[in-house]
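Below: the structure, in structure tokens.
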Amino acid sequence: MPELPEVESAVRRLRDAIINKRIVRVDVLHPALRRRLSPARLRSVRGMRVTHVERRGKHQLIGLDDGRTLHAHFRMTGDWLIDRATDPLPRFARAAITLDDGVRAVLNDPRALSTLDLHAANAAPDLGLGPEPDDPALTPDSLLEVLSRKRAPIKPVLLDQRVIAGLGNIYAAESLWHARISPSTRASSLTRAQVKRLLTAIRRVIARATGARYTDPSVSRLAVYDRAGKPCRRCGTPIERIVQAGRSTYFCPGCQE
DNA sequence: ATAGGCCTGGAC
DNA sequence: GTCCAGGCCTAT
């Protein structure tokens with residue numbers, strides 16, 4: 001599910017479900033969660049009240065009233081499903097947090113790659129993130145400056161969360177298509193005009209996806225992602241799929257320079 | 001920069 | 001069966 005827009009949607013639903021409530025029960029339902037913390041430690045959030053729920057990039061930070069922070073990351077296929085403690089658990093439930101009013105937030109994740117971490121009070125985690133796409137401090141010039149030091153192709157650079165927080169494989173490709181920039185262009189060789197178009201495109205793509213109703217990044221409204229062989233919506237040239245840094249990249253060889 | 005690993009399901 | 005997957009870390 002989850003790039004910035006989908007995580008933002010999930011955070012909003014989670015916030016509505018748990019803010020200012022007390023956690024009365026925590027269920028750890030998949031052994032892979034142990035990779036980050038023991039079930040006993042995760043269960044130690046029982047009894048805490050939720051003070052805030054925030055998103056940073058693709059990370060989710062859940063503030064507890066003892067000062068600790070529960071830190072969730074969906075990786076590839078995670079999502080929050082909000083239901084009631086009396087409901088049957090969803091098929092891919094990996095953890096469940098029950099609140100004092102009977103509402104339950106279920107971490108549902110078919111691939112079980114999601115992570116939950118717990119940070120001590122007064123220990124704000126360093127997430128290693130660059131600016132959010134809508135950060136006013138992010139400007140064509142600041143982005144140009146960062147990209148000028150990157151020798152890799154622009155597409156994998158856009159996946160580097162230290163450059164811009166929250167972009168993932170789909171919206172990086174979509175943004176490059178909108179900006180008419182080839183994903184193979186060396187980041188440091190982008191012109192200022194191209195960087196300006198790219199930033200505008202990123203903001204448009206993210207804003208539009210964030211406003212969309214959460215289902216999946218509904219394939220039909222995507223310009224290039226997963227459209228290999230299909231005609232470019234702008235120039236008709238068949239969309240190509242290549243692999244960069246181990247990830248699929250979709251682009252139009254006809255109108256992306 | 002690339003490959004492999006984490007996990008599992010779905011499409012073919 | 002095989003391949004692919006919206007993320008990200010570690011090792012080579």
Side-chain angles (χ1 to χ4, degrees), chain A residues 1-11 28-37 55-61 71-81 89-95 106-117 125-130 132-133 149-177 183-189 202 205-206 208-210 212-230 239-251:
Chain A
M1 330 257 125
E3 297 184 33
L4 188 159
E6 294 77 29
V7 176
E8 177 62 25
S9 167
V11 158
V28 182
L29 304 167
H30 193 288
L33 288 170
R34 276 178 186 282
R35 280 181 288 131
R36 295 300 183 101
L37 79 176
R55 179 191 60 73
R56 267 295 277 139
K58 302 170 198 169
H59 298 256
Q60 303 170 62
L61 301 174
H71 172 190
H73 195 297
F74 286 156
R75 299 291 176 120
M76 298 284 265
T77 51
D79 195 12
W80 292 113
L81 297 185
L89 281 167
R91 182 172 171 200
F92 303 115
R94 306 311 187 195
V106 179
L107 176 60
N108 196 63
D109 182 357
R111 288 176 70 180
L113 296 176
S114 289
T115 56
L116 291 175
D117 276 297
D126 177 11
L127 303 176
L129 299 176
E132 297 281 327
R149 288 181 267 113
K150 302 280 185 182
R151 300 163 61 193
I154 182 62
K155 156 65 164 44
V157 169
L158 290 178
L159 298 184
D160 183 342
Q161 302 297 296
R162 296 169 298 187
V163 175
I164 298 179
L167 278 189
N169 205 36
I170 292 179
Y171 298 128
E174 293 293 303
S175 298
L176 287 166
W177 182 86
S184 303
T185 310
R186 189 185 280 250
S188 59
S189 68
I202 289 168
V205 164
I206 293 296
R208 178 174 142 146
T210 303
R213 191 129 150 259
Y214 176 76
T215 46
D216 57 345
S218 84
V219 173
S220 59
R221 68 183 46 168
L222 296 177
V224 283
Y225 185 82
D226 204 25
R227 296 194 69 242
K230 295 179 180 158
I239 299 302
E240 284 188 13
R241 172 187 181 272
I242 58 175
V243 174
Q244 295 179 294
R247 314 288 307 277
S248 292
T249 297
Y250 297 87
F251 73 107

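Order of the sequence lines fixes the chain letters, A, B, ..., with proteins taken first and strands second; residue numbering starts at 1 for each chain.
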Residues [X], [Y]: salt bridge by 4.0 Å N-O rule:
X: A/D226; Y: A/R241; answer: no
X: A/R94; Y: A/D109; answer: no
X: A/K58; Y: A/E6; answer: no

Is the distance from OP1 or OP2 of [N] to the nearest side-chain N or O of [X] less than 4.0 Å?
X: A/R186; N: B/dA1; answer: no
X: A/Y225; N: C/dG6; answer: yes
X: A/Q161; N: C/dC8; answer: yes
X: A/K58; N: C/dG6; answer: no

Rounded off to whole Å, could you give me the [atom1]-to-[atom2] distance for the [X] and [N] pair?
X: A/H73; N: C/dG7; atom1: NE2; atom2: C1'; value: 6 Å
X: A/R162; N: C/dG7; atom1: CZ; atom2: P; value: 16 Å
X: A/M76; N: C/dC8; atom1: CE; atom2: P; value: 10 Å
X: A/L159; N: B/dT2; atom1: CG; atom2: P; value: 13 Å
X: A/I242; N: B/dA1; atom1: CD1; atom2: C1'; value: 14 Å
X: A/Y250; N: C/dG6; atom1: OH; atom2: C1'; value: 11 Å
X: A/E8; N: C/dG6; atom1: CD; atom2: C1'; value: 17 Å
X: A/D226; N: C/dA5; atom1: CG; atom2: P; value: 8 Å

Sugar-phosphate, base or nothing in reach of A/G168, heavy atoms under 4.0 Å: sugar-phosphate
Touch class at under 4.0 angstrom, heavy-atom based, for A/R151 against every strand present: nothing
Hey, are the side chains of [X] and [Y] touching, using non-hydrogen atoms and a 4.5 Å cut-off?
X: A/F74; Y: A/Q60; result: yes
X: A/T115; Y: A/R75; result: yes
X: A/V224; Y: A/K230; result: no

Backbone of A/A173 reached by a side-chain donor or acceptor of A/N169 within 3.5 Å: no
Where DNA chain B forms stems, i.e. three or more consecutive Watson-Crick or G-U pairs with both distances under 3.5 Å: B:1-6 with C:7-12, B:8-12 with C:1-5
Quote, to the nearest angstrom, the [atom1] distance that separates [N] from [M].
N: C/dG6; M: B/dA11; atom1: P; answer: 16 Å
N: B/dG5; M: C/dT2; atom1: P; answer: 16 Å
N: B/dC7; M: C/dC3; atom1: P; answer: 22 Å

Separation between OG1 of A/T249 and CD1 of A/I242, rounded to the nearest 0.5 Å: 5.0 Å
Interatomic spacing from CG in A/D79 to CG in A/N108 - rounded to 0.5 Å: 7.0 Å
Mutual orientation of the aromatic rings belonging to A/H59 and A/H71 [parallel < 30°, tilted 30-60°, perpendicular > 60°]: tilted
Per-nucleotide protein contact string for nucleotides 6-12 of chain B (B base, S sugar-phosphate only, - none; heavy atom under 4.0 Å): BBBSS--
Among C/dA5, C/dC8, B/dA1, the nucleotide that comes nearest once only the side chain of A/S248 is considered: C/dA5
